Trainee: 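Mind looking over this structure? Questions follow.
For the single chain, residues carry numbers from 1 onward in sequence order. It should be emphasised that the depicted structure is a prediction, and the values quoted were computed from it without experimental measurement.
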Amino acid sequence: MKNIKIGACDWALPGAGLYAVQIAAEVGLEALSLKIGLYENDYPITHERMQQIYLREQQKYGIEYCAIALNDFDNIPMHARENTPEYNIVWDLLKRAVPTAKALGVSVIQVPGFAESEVKSDEDLEYSAKAFRYLCDAAGEEGISVSSENLMTPQEFHRMKEAVDRDNFYLYFDSQNYNVFRNYDEREILEGLYPDMCSQIHVKDGEVMSGGLLGSGPSGFYKTISWLKEHGYEGHILLENYYDQLPLRNQGEDPYELLKEDIRLLREAVGM
């Protein structure tokens with residue numbers, strides 16, 4: 001594969017993001033996706049002082065910040081209805097996302113559509129699309145893309161895409177989620193949605209989410225990489241295994257060595 005950058009999600013690294021930039025540099029990664037944080041902590045990375053820390057770390061270690069993940073949407077429904085406390089929190093987060101991405105030089109805002117933000121009804125779709133339209137319009141003015149990571153079938157995502165109706169709206173593909181949560185064939189998702197994907201993907205594996213080294217689970221990791229090779233995928237491939245959490249940490253004595261092994265497996269798979 002050509003023009004590939006290997007990175008990781010900061011929440012997946014040992015320490016769940018603590019010293020993630022330094023860790024990434026020490027193990028030879030090129031990029032990080034950063035979590036925006038939680039409402040309970042006032043979304044730390046949205047504050048200028050924290051951004052300056054991240055920018056100094058970037059200058060010191062040379063790690064690209066390729067995405068900002070609005071991770072709190074796992075806990076707060078993006079499709080919250082008006083006149084609810086959650087609605088105000090959602091819109092506060094949406095308004096902070098683009099200035100944060102701009103300050104850190106990030107090209108993609110990644111929006112999870114799981115747990116509390118999973119779309120289960122037409123009304124959920126309507127409110128989610130409204131939020132995405134706002135985010136896409138604000139991000140588009142800065143040349144930033146918005147990508148939804150979700151468990152939708154191609155038909156379901158095409159409904160969402162049509163409802164959002166913005167050129168900078170994309171799918172954020174993950175190599176395990178569809179299989180582990182829905183028992184879908186990951187390649188069928190690629191067949192149906194590859195043109196709608198942004199140029200970043202998450203990779204992980206195992207019998208449970210993020211629970212095994214790449215190639216060790218039923219998701220068909222190597223088949224997915226082969227499919228992407230055949231279709232000329234270029235962009236970021238970001239590790240999202242949880243190296244210091246159970247059950248993955250039981251596969252080795254040191255989570256940092258597990259991380260290094262996954263990097264080796266990924267580089268071998270993509271031919272780097």
Trainee: Between Glu57 and Gln22, do the side chains contain a donor N or O and an acceptor N or O under 3.5 Å apart?
Mentor: no

Trainee: Please tell me if the side chains of Leu228 and Tyr194 come closer than 4.5 Å, counting only heavy atoms from C-beta onward.
Mentor: yes

Trainee: Before accepting this row, confirm whether a basic side-chain N of the pair Glu64/Lys5 lies closer than 4.0 Å to the acidic partner's carboxylate O.
Mentor: yes

Trainee: Has Phe181 got more than 12 heavy atoms of other residues, nucleotides or ligands less than 6.0 Å from its CZ?
Mentor: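 Above 12, so yes.
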
Trainee: Looking at OG of Ser175 and CZ of Phe221, how far apart are the two atoms once the value is rounded to the nearest 0.5 Å?
Mentor: 6.5 Å

Trainee: Measure the shortest side-chain to side-chain distance between Arg81 and Glu123 over non-hydrogen atoms and say whether it is less than 4.5 angstrom.
Mentor: yes

Trainee: Can you see whether Tyr43 engages Asp72 through a side-chain donor-acceptor pair at a distance of less than 3.5 angstrom?
Mentor: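 Indeed, the side chains of Tyr43 and Asp72 share at least one donor-acceptor pair under 3.5 Å.
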
Trainee: Pairing donors with acceptors under 3.5 angstrom, does anything connect the side chains of Tyr39 and Asp92?
Mentor: no

Trainee: Which ILVMFWY residues are connected to Tyr172, directly or by a chain of links, through side-chain heavy atoms under 4.5 Å apart?
Mentor: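 Once heavy-atom contacts under 4.5 Å are chained together, Tyr172 belongs with Val108, Leu238.
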
Trainee: Do the side chains of Lys120 and Glu156 get close enough for a salt bridge, i.e. N-O under 4.0 angstrom?
Mentor: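 No, Lys120 and Glu156 are not salt-bridged.
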
Trainee: Please say yes or no: joined through hydrophobic side-chain contacts below 4.5 Å, possibly via intermediate residues, are Trp11 and Ile36 part of one cluster?
Mentor: no

Trainee: Should we say atom NZ of Lys102 is surrounded by more than 12 heavy atoms from elsewhere, each under 6.0 Å from it?
Mentor: no

Trainee: Is the closest basic N to carboxylate O distance between Arg166 and Asp137 below 4.0 Å?
Mentor: yes

Trainee: Between Asp74 and Lys35, does any side-chain N to carboxylate O distance fall below 4.0 Å?
Mentor: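 Salt bridge: no.
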
Trainee: Tell me, please, which residues at least two apart from Tyr242 pass ring-ring contact (aromatic ring centres under 6.0 Å, His included).
Mentor: none

Trainee: Tell me yes or no: between the side chains of Glu149 and Asn177, is some donor less than 3.5 Å from an acceptor?
Mentor: yes

Trainee: Would you tell me whether Asp205 and Ser219 have side-chain atoms, one donor and one acceptor, within less than 3.5 Å of each other?
Mentor: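 There is such a pair (donor and acceptor under 3.5 Å, judged by atom type) between the side chains of Asp205 and Ser219.
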
Trainee: Quick one: side-chain contact (heavy atoms from CB on, under 4.5 Å) partners of Asp196, sequence neighbours excluded?
Mentor: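 Scan of Asp196 (side-chain contact (heavy atoms from CB on, under 4.5 Å), adjacent residues dropped) gives Phe157, His158, Lys161, Leu193.
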
